[in-house]
Amino acid sequence: MNFVEEMRWRNMLQDIMPGTEETLNKEMCSGYIGFDPTADSMHVGHLMQVMTLIHFQRAGHKPYALVGGATGMVGDPSGKSAERNLLDEETLNKNVAGLQAQLEKFLDFNTGDNSAVMVNNYDWFKGFSFLHFIRDVGKHITVNYMMAKDSVKKRLEGETGMSFTEFTYQLVQGYDFYYLWKHHGIKIQMGGSDQWGNIVTGTELIRRKDGGEAFALTTQLIKKSDGTKFGKTESGAIWLDPKKTSPYKFYQFWLNASDDDVKNWIRIFTLLSKTEIEGLEVEHAAAPHLRALQKMLAKDITIRVHGETAYNTAVEASTILFGASTSDALNSLDEATFLDVFEGVQQSKISISELEAGINIVELLSDKTQIFPSRGEARKMIVGGGTYLNKQKYTDPESTVDESLLINGKYIIAQKGKKNHYLIIAE
RNA sequence: GGGGAGAUUCCAGAGCGGCCAAAUGGGACGGACUGUAAAUCCGUUGCGAGAGCUUCGAAGGUUCGAAUCCUUCUCUCCCCA
């Protein structure tokens, strides 16, 4: 199956420039996707682009991952309703390094002719003077053309306006494409659907400046069935960096995909074949409560992003936290395993002497551990039946707890509702 | 520069002298049902165990009593030049 067909049946394809597929089928092509260094880690939203590059490489083409050290200094107006704040250079460099390190894990950089390549557009922009840029690049593209882009038009119609800097963005990115086409023989740029305008400015520049031919392909925006934004939870984005989002939370994020979403996502985020996915769908339809699709999706991505060990721990943690385990079962875990399993769970500390003296449950969960922001809220939640200690429900706010609850003489597991776990450490 | 409208609890948005910790909707959180889905239903949503305390852009004032009236200030939006 060729690359475009692959993207099609996985429902990843949004737009494709005429001639792209033919060109790709003819020979091995080089193509690239740009990543904006707005943070020092990617989040799950970036995975669509990562998967696109992976498919591109698996189809025998040569993928380039561009990290925008230069474009990051300008700020992409696409999809933004207000002027962006510029990052300082130090942050930018850190972000570029962070993204590069993550990208390296997903692509094969040592597989002969179609090995992946990492580039940073700062390398060709750092020595490029403003005057040279407007002479060599700006001259080929009219302002009329640039103003017709959606990203620009929206801002001109809106109230916030747009700085010259952001207006220039599409030219800067367009030049990236030109540069890579000229010096690396890259024929195609890919990206999210919001990048179409920027990508086309690149193909246009290549055509007008050198009479060359280049192609564009964009991927669909990932949708969620309830209309909310993909990849965001109440507590923020789901990051790939384990320091920002623990592997356990990461695993849980995918495991919690709704039935509607998981059918799309498993196509996008795993490399499973059509037959395998359809098989899983049958399985899921027969026994939906087993959530075969969600489990497979979560397993596949968690392993690819965090590795097998982290995945196993996440599964183990999930089994313990959500399964029918009792405090006895918890007690039987040795401390190392226990800590490993609870690594991704929010932790708070309390002094053991206070606990020995006996402590009111409301005080424990609010003042002492900040699990609830106020005593009133803790009280309400306890009365409302949403509070558990060591998997045991507590409904009386006057309850007192002491050291007899401690697991391994040191830990208490508190729950707010069914899904939110907290580890209290006594020391 | 001239004229007008406005600023309310997470958001939107009522309230226009006591019955207002403030309607309603959304969001968020919890519960029930389930499958750690979805949909639905129920509850909670300033702090406090309570008495009570602190909130309605800011500061003053009128009043027994102010989110509501007056003064000044700050900011936002609209129209005209």
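We name chains A, B, ... by the order of the sequence lines, and we start the count at 1 in each one.
Comparing atom distances between the P288(A) side chain and each of C29(B), A37(B), G35(B) picks out G35(B) as nearest. Across U44(B), A37(B), U36(B), the shortest atom-to-atom separation from the side chain of K380(A) is found for U44(B). Nearest to the side chain of K393(A), among A32(B), G35(B), G30(B), sits A32(B). The nucleotide whose nearest atom lies closest to any side-chain atom of Q252(A) is, among A37(B), G31(B), U36(B), U36(B). Among the nucleotides U36(B), G35(B), A49(B), the one closest to the side chain of H289(A) is G35(B).
The CZ-P distance, from F372(A) to U45(B), rounds to 15 Å in whole Å. Going from atom CG of L255(A) over to atom P of G35(B) covers 15 Å, rounded to whole Å. With rounding to whole Å, F322(A) atom CZ is found 9 Å from U36(B) atom P. Rounded to an integer number of Å, the gap from CD of E363(A) to P of A49(B) is 10 Å. For the pair R379(A) CZ and U45(B) P, the computed distance is 14 Å after rounding to whole Å. Per the geometry, CH2 belonging to W265(A) stands 13 Å off C1' belonging to A38(B), to the nearest Å. To the nearest angstrom, P of U36(B) lies 17 Å from CG of L297(A). Here the P atom of nucleotide A39(B) and the NZ atom of K224(A) are 11 Å apart, to the nearest Å.
Between U9(B) and A22(B), the two C1' atoms lie 8 Å apart (nearest whole Å). Distance check on atom P: U40(B) versus G25(B) gives 15 Å, rounded to whole Å. Comparing the C1' positions of C41(B) and U34(B) gives an interatomic distance of 13 Å, to the nearest angstrom. When the C1' atom is used for both G57(B) and C75(B), the distance is 8 Å, rounded to whole Å. Between C33(B) and A38(B), the two C1' atoms lie 12 Å apart (nearest whole Å). When the P atom is used for both A5(B) and A14(B), the distance is 16 Å, rounded to whole Å. Annotation: A59(B) and A66(B) have their P atoms spaced 15 Å apart (nearest Å). Comparing G13(B) with G65(B), their C1' atoms sit 27 Å apart, to the nearest whole Å.
Of the nucleotides present, C80(B) is the one that pairs with G1(B) by Watson-Crick or G-U wobble criteria, both distances under 3.5 Å. Pair assignment for A66(B) gives none, since no Watson-Crick or G-U wobble pairing has each distance under 3.5 Å. Base pairing annotation: U45(B) forms a Watson-Crick or G-U wobble pair with G27(B), both donor-acceptor distances under 3.5 Å. Remark: U55(B) base-pairs with no nucleotide; criterion is Watson-Crick or G-U wobble with both hydrogen-bond distances under 3.5 Å. Within the shown strands, C75(B) is the pairing partner of G6(B) under the Watson-Crick or G-U definition, both distances less than 3.5 Å.
Counting non-hydrogen atoms under 4.0 angstrom, T387(A) reaches nothing in the nucleic acid. N256(A) comes within contact range of at least one nucleobase, with a heavy-atom separation under 4.0 Å. Among the protein residues, Q294(A) comes within range of the nucleic acid bases, having at least one heavy atom under 4.0 Å from a base atom.
Nucleotides of RNA chain B nearest to A257(A) and G376(A) differ in position, and the one nearer the 5' end is that of A257(A). Along RNA chain B, the nucleotide nearest to D259(A) and the one nearest to K416(A) differ in position, and the one closer to the 5' end is contacted by K416(A).
The side chain of K418(A) places an N or O atom within less than 4.0 Å of a non-bridging phosphate oxygen (OP1 or OP2) of A32(B). K419(A) has a side-chain polar atom (N or O) that falls below the 4.0 Å cut-off from OP1 or OP2 of A37(B). At U36(B), none of the side-chain N or O atoms of N420(A) fall inside 4.0 Å of OP1 or OP2 (strictly under the cut-off). Between R375(A) and A49(B), a side-chain N or O to OP1/OP2 separation shorter than 4.0 Å is present. Within the 4.0 Å cut-off from OP1 or OP2 of G48(B), at least one side-chain nitrogen or oxygen of S374(A) is found.
One N or O on the side chain of N121(A) and one on the backbone of G69(A) form a donor-acceptor pair closer than 3.5 Å. When atom types are taken as modelled, the side chain of T20(A) and the backbone of I16(A) share no donor-acceptor pair closer than 3.5 angstrom.
Here the options are V401(A), I424(A), I412(A), N390(A), the test is side chain to side chain contact (heavy atoms under 4.5 Å, CB included), and the partner is L406(A); only I412(A) passes. Of the candidates F250(A), Y311(A), Y248(A), F250(A) is the only one forming a ring pair (Phe, Tyr, Trp, His ring centres under 6.0 Å) with H306(A).
Residues satisfying the salt bridge (charged side-chain N to carboxylate O under 4.0 Å, His left out) criterion with E21(A), sequence neighbours excluded, are R8(A).
Checked by atom type, the side-chain pair N198(A)/Q195(A) shows a donor-acceptor distance below 3.5 Å.
Under the 30°/60° scheme for interplanar angles, the aromatic rings of W265(A) and F253(A) are found to lie parallel.
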Q.
Run the side-chain hydrogen bond (donor to acceptor under 3.5 Å, both in side chains) test on T201(A) and Q170(A) for me, step by step, so that the C-alpha distance in whole Å, both residues' side-chain angles and the decisive distance to 0.1 Å come before the verdict.
A. CA-CA 7 Å; T201(A) 301; Q170(A) 56 170 304; 2.8 Å; yes

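Checked by distance alone, E377(A) brings no side-chain donor or acceptor within 3.5 Å of a matching partner on the base of U44(B).
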